[in-house]
Amino acid sequence: MSLQLQVVPVTPFQQNCSVIWCDVTRRAAVVDAGGDIDRILAFVREHDLTVEKLLLTHGHIDHAGGARALADVLGVQIEGPQRAESFWLDQLPSQGTMFGFPRSEPLTPERWLEEGDTVTVGEEVLDVLHCPGHTPGHVVFVSHAANLCIVGDVLFQGSIGRTDFPMGNHQQLIDAIRGKLFALPDDMVVVPGHGPFTTIGEERRSNPFVADRRYG
């Protein structure tokens with residue numbers, strides 16, 4: 001396995017910003033640079049990585065608030081989320097005001113992502129799943145080679161993403177988890193947007209919101 005991953009917790013919400021890199025080329029991507037970009041840059045430099053792009057799962061401030069500033073520092077482009085997420089990315093300034101974050105300007109990525117797209121990191125390829133419900137344009141990044149998925153705020157250890165925000169949809173979230181994420185291998189590692197890692201199989205067995213036993 002040449003895809004490596006390290007979580008760099010950022011923002012007062014302790015969001016799991018993930019630095020992923022190809023061990024062969026040392027080329028990297030930063031997933032969900034919500035803030036604290038100096039901390040992210042320090043990790044990248046310490047490990048002698050070349051960041052070639054930023055990836056976003058969705059447009060909430062703790063996931064996207066530092067993305068444009070970091071992309072500008074590194075001279076790279078932003079890929080993702082799905083284009084329905086413009087609803088949230090356009091509101092980054094008001095989100096920052098609401099939660100006391102540093103100001104972030106509205107953001108439009110250089111590449112919107114759709115279900116079935118792929119993104120590359122060095123020689124590694126990750127599949128893109130569109131998993132709405134928490135937000136309308138939320139995407140998930142899946143590495144079959146490394147047996148891991150970066151799921152943002154769709155699925156957590158023992159929980160699921162909130163759907164009480166504007167444009168949230170509980171049934172869409174359940175359908176995305178059970179129809180798309182639970183189609184992945186049981187031993188696949190789940191990297192959520194907050195909290196500890198889990199596996200697909202563990203959540204299928206024990207997650208009180210989406211476990212198989214709840215749905216017969």
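Along the sequence shown, the residues carry numbers beginning at 1.
Salt bridge absent: Arg83 and Glu115 never bring a charged side-chain N and a carboxylate O closer than 4.0 Å. The pair Asp48-Arg45 does not meet the salt-bridge criterion, since no charged nitrogen lies less than 4.0 angstrom from a carboxylate oxygen. With salt bridges taken as basic N to acidic carboxylate O contacts below 4.0 Å, one links Arg178 and Asp212.
A donor-acceptor contact shorter than 3.5 Å is absent between the side chain of Arg205 and the backbone of Arg213. Under the 3.5 Å distance criterion, the side-chain polar atoms of His170 are left unmatched by any main-chain donor or acceptor of Asp164. No side-chain donor-acceptor contact under 3.5 Å links Thr198 to the backbone of Gln157. Side-chain atoms of Arg39 come within 3.5 Å of backbone N or O of Pro9 as a donor-acceptor pair.
The side-chain hydrogen bond (donor to acceptor under 3.5 Å, both in side chains) test with Asp62 singles out one residue from Gln95, His194, Gln15, and that residue is His194. Partner of Arg27 under the salt bridge (charged side-chain N to carboxylate O under 4.0 Å, His left out) criterion, out of Glu52, Glu123, Glu124: Glu52 alone.
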Could you go step by step and tell me if Phe13 and Phe101 meet the ring-ring contact (aromatic ring centres under 6.0 Å, His included) rule? CA-CA 10 Å; Phe13 292 178; Phe101 278 61; 5.2 Å; yes

Full working for side chain to side chain contact (heavy atoms under 4.5 Å, CB included) between Leu41 and Leu74: CA-CA 9 Å; Leu41 287 168; Leu74 294 169; 3.7 Å; yes

Tell me, with the steps shown, if Val210 and Ile174 meet side chain to side chain contact (heavy atoms under 4.5 Å, CB included). CA-CA 7 Å; Val210 288; Ile174 299 299; 3.5 Å; yes

Under the criterion salt bridge (charged side-chain N to carboxylate O under 4.0 Å, His left out), I'd like the reasoning laid out for Arg204 against Asp186: C-alpha separation, chi angles, the key distance, then a yes or no. CA-CA 8 Å; Arg204 289 189 64 174; Asp186 276 357; 3.7 Å; yes

Please report the C-alpha distance between Arg26 and Trp21 in whole Å, then the side-chain angles of each, then the deciding distance to 0.1 Å, and finally whether the side chain to side chain contact (heavy atoms under 4.5 Å, CB included) criterion is met. CA-CA 6 Å; Arg26 308 299 291 175; Trp21 68 95; 3.4 Å; yes

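Nearest approach of Cys149 to Leu184, heavy atoms of both residues: SG-CD1, 4.3 Å. The two residues Val154 and Val140 have their closest heavy-atom pair at CG2-CG2, 4.2 Å.
For the atom pair Leu54 CG and Cys17 SG, the distance stands at 8.0 Å (nearest 0.5 Å). Atom-to-atom distance recorded for Asp153:CG and Cys131:SG is 12.5 Å, nearest 0.5 angstrom. Atom-to-atom distance recorded for Leu129:CG and Glu114:CD is 12.5 Å, nearest 0.5 angstrom. In this structure, the separation between NE2 on His144 and CG on Asp127 is 4.5 Å, given to the nearest 0.5 Å. The line from NE2 of His63 to CG of Leu55 is 14.0 Å long, rounded to the nearest 0.5 Å. Atoms CD and OG1, on Gln91 and Thr97 in that order, are 11.5 Å from each other to the nearest 0.5 Å.
Annotation: Asp72, atom CG; neighbour count of heavy atoms from other residues, nucleotides and ligands within 6.0 Å is above 12.
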